[in-house]
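In this chain, numbering begins with 1 at the start of the sequence shown. Not measured: the values here are computed from a predicted model.
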Amino acid sequence: MTFLHSFEPGGVERVALRLIRHWRAAGVDAPLFVGRPTGPMRAEFGDIGFETPPQPRRSQAGWETLWMILTLPAAIRRVRPDILFVAGSTYTIVAVMMRVLLGRRCPPIVVKISNDLARRDLHAVPRFFWRLWLRIQGRSARFWVAMDESMLIELPPLMARRSRVVHDPAIELERIAARPRVANGAPRRFVAVGRMVPQKHFALLLRAFAKAAQAGETLTILGDGVERPALEALARQLGIVDQVHFAGHVPDAAARLADFDVLLMSSRYEGIPAAILEALAAGLPVITTDCGRGVHGLLGDGRFGVIVPQDETALAAAIRAPAPVLDCTEVRAFLERFTIERSAQLYLNLFAEAAIEQRAAPQPAEWAAPLVR
């Protein structure tokens with residue numbers, strides 16, 4: 001069973017829905033529980049059936065995690081899934097609470113780590129509490145899935161002992177471009193993809209683009225979110241409103257990337273960003289801030305793109321400079337690990353391993369020790 005808050009756009013949710021579609025096409029019983037059956041992606045994934053609880057009179061959009069904690073246990077008791085799949089790091093608090101509320105009746109939990117765990121963007125005090133929270137999380141799951149080998153070094157000891165690598169299934173094999181984008185002397189078309197939330201730090205990107213953009217160059221942002229009005233106002237203030245296009249939510253944004261020349265990313269922290277994989281598959285080089293070890297692994301230590309500090313001057317300099325030209329043979333060999341065709345089966349193998357371990361060791365092991373005493 002996979003559970004999601006809603007059909008609101010997000011990389012974690014999109015990958016989870018694509019996995020469910022792939023598993024069901026292969027004949028796997030893959031239930032989906034959705035706390036709120038609304039959001040722009042519902043139409044895109046209209047072929048995927050799901051269960052949702054009776055909805056409250058007041059929208060739970062502002063308290064969706066609590067709503068999931070309140071409603072998911074009943075669904076687990078009724079469906080009795082063999083595995084509870086946590087599709088991303090934002091959902092781990094729900095996994096912890098399922099262990100607390102269901103105890104031994106909680107199915108084995110497999111968590112996909114979707115964000116940077118080091119969180120170097122945090123100051124000392126919040127980072128201390130973040131590390132404490134990671135230790136609590138570490139005891140809640142049977143397996144922790146890193147989306148690339150580069151993430152393993154960041155795992156706390158308990159997570160590391162129960163870790164596996166399954167590369168993020170962000171692309172289809174058929175979408176990997178046969179040739180890279182080649183500069184033709186025309187003004188470059190930059191693109192950024194993501195929700196307009198503080199994590200993505202689009203304000204930094206706009207300020208850097210305003211410093212670096214040449215005549216005729218454009219920036220298109222595919223995505224929406226709570227920060228959009230403020231970002232649109234910032235673009236006007238910076239005098240780049242004619243060069244920046246806020247496209248809003250775009251179904252299957254990956255299919256649009258071939259219309260651009262360079263992907264820009266300005267995040268404060270990331271795990272294995274699907275947007276980078278999708279851009280490389282489309283033949284685009286990448287310019288990104290240093291937002292976690294995952295981006296270093298994805299960009300091959302600079303072979304597939306440029307990584308700069310989280311500083312608008314450094315980002316502007318990278319935007320102004322010529323982008324690297326990709327070697328498509330090398331890129332394709334690298335990207336084949338991140339295809340849904342490969343990773344979907346690896347997840348099924350891991351789920352089977354977790355279920356077998358659960359049956360073989362019904363008594364609480366280290367991972368199943370009580371979270372509250």
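Between the side chain of R24 and the backbone N or O of G49 there is at least one donor-acceptor pair closer than 3.5 Å. Without hydrogens or angle criteria, R42 side chain to P37 main chain gives a donor-acceptor distance under 3.5 Å. For R99 (side chain) and R139 (main-chain N/O), a donor-acceptor pair under 3.5 Å exists by modelled atom type. No donor-acceptor pair under 3.5 Å is formed between the side chain of E13 and the backbone N or O of F7. Side chain of R189 to main chain of T218: no donor-acceptor pair is present (N/O by atom type, distance under 3.5 Å, no hydrogens or angles). Side-chain N or O atoms of S89 include one that pairs as donor or acceptor with a backbone N or O of S114 at under 3.5 Å. Under the 3.5 Å distance criterion, the side-chain polar atoms of D148 are matched with a main-chain donor or acceptor of S150. A donor-acceptor pair under 3.5 Å is formed between the side chain of W67 and the backbone N or O of G35. Counting only distance, with no hydrogens or angles, the side chain of S343 and the backbone of D168 share no donor-acceptor pair below 3.5 Å. Listed for the E270 side chain is no donor-acceptor partner under 3.5 Å among the backbone atoms of R268.
Here CD1 of I176 is found 5.0 Å from CG of L335. Values are rounded to the nearest 0.5 Å. Residue S140 holds its OG atom at 7.0 Å from CE of M159, rounded to the nearest 0.5 Å.
Put simply, the side chain of M68 does not reach to within 4.5 Å of the side chain of Q60, judged on heavy atoms. Here the side chains of K200 and M265 are not in contact, with every heavy-atom distance at 4.5 Å or above. Residues R342 and E336 have side chains not in contact (no heavy-atom distance under 4.5 Å, counting atoms from C-beta outward).
Scanning all heavy atoms of the two residues, the minimum distance from F334 to L277 falls at CE2-CD2, 4.4 Å. Between L101 and R77, the shortest heavy-atom distance links the atoms O-NH2, 4.4 Å. Of all heavy-atom pairs spanning L204 and D311, the tightest one is CD1-C, 3.9 Å. Across F260 and V191, no two heavy atoms sit closer than the pair CG-CB, 3.6 Å. In terms of heavy-atom proximity, K211 sits nearest to R320 at O-NH2, 3.1 Å. Among all heavy-atom pairs drawn from N115 and Q199, the shortest one is OD1-NE2, 3.5 Å.
Connection of L263 to L280 is established within a shared hydrophobic cluster, with ILVMFWY side chains joined at heavy-atom distances below 4.5 Å, either directly or through further cluster members. Residues V197 and V244 do not share a hydrophobic cluster, defined by chaining ILVMFWY side chains whose heavy atoms lie under 4.5 Å apart.
Counting non-hydrogen atoms of other residues, nucleotides and ligands closer than 6.0 Å to CD1 of I153 gives a total of 12 or fewer. In R105, the CZ atom is not crowded: 12 or fewer heavy atoms of neighbouring residues, nucleotides or ligands sit closer than 6.0 Å.
Just one of F85, F33, F3 meets the ring-ring contact (aromatic ring centres under 6.0 Å, His included) condition when paired with Y91; it is F3. With V165 as the fixed residue, the side chain to side chain contact (heavy atoms under 4.5 Å, CB included) test singles out one of M151, R337, E149: E149.
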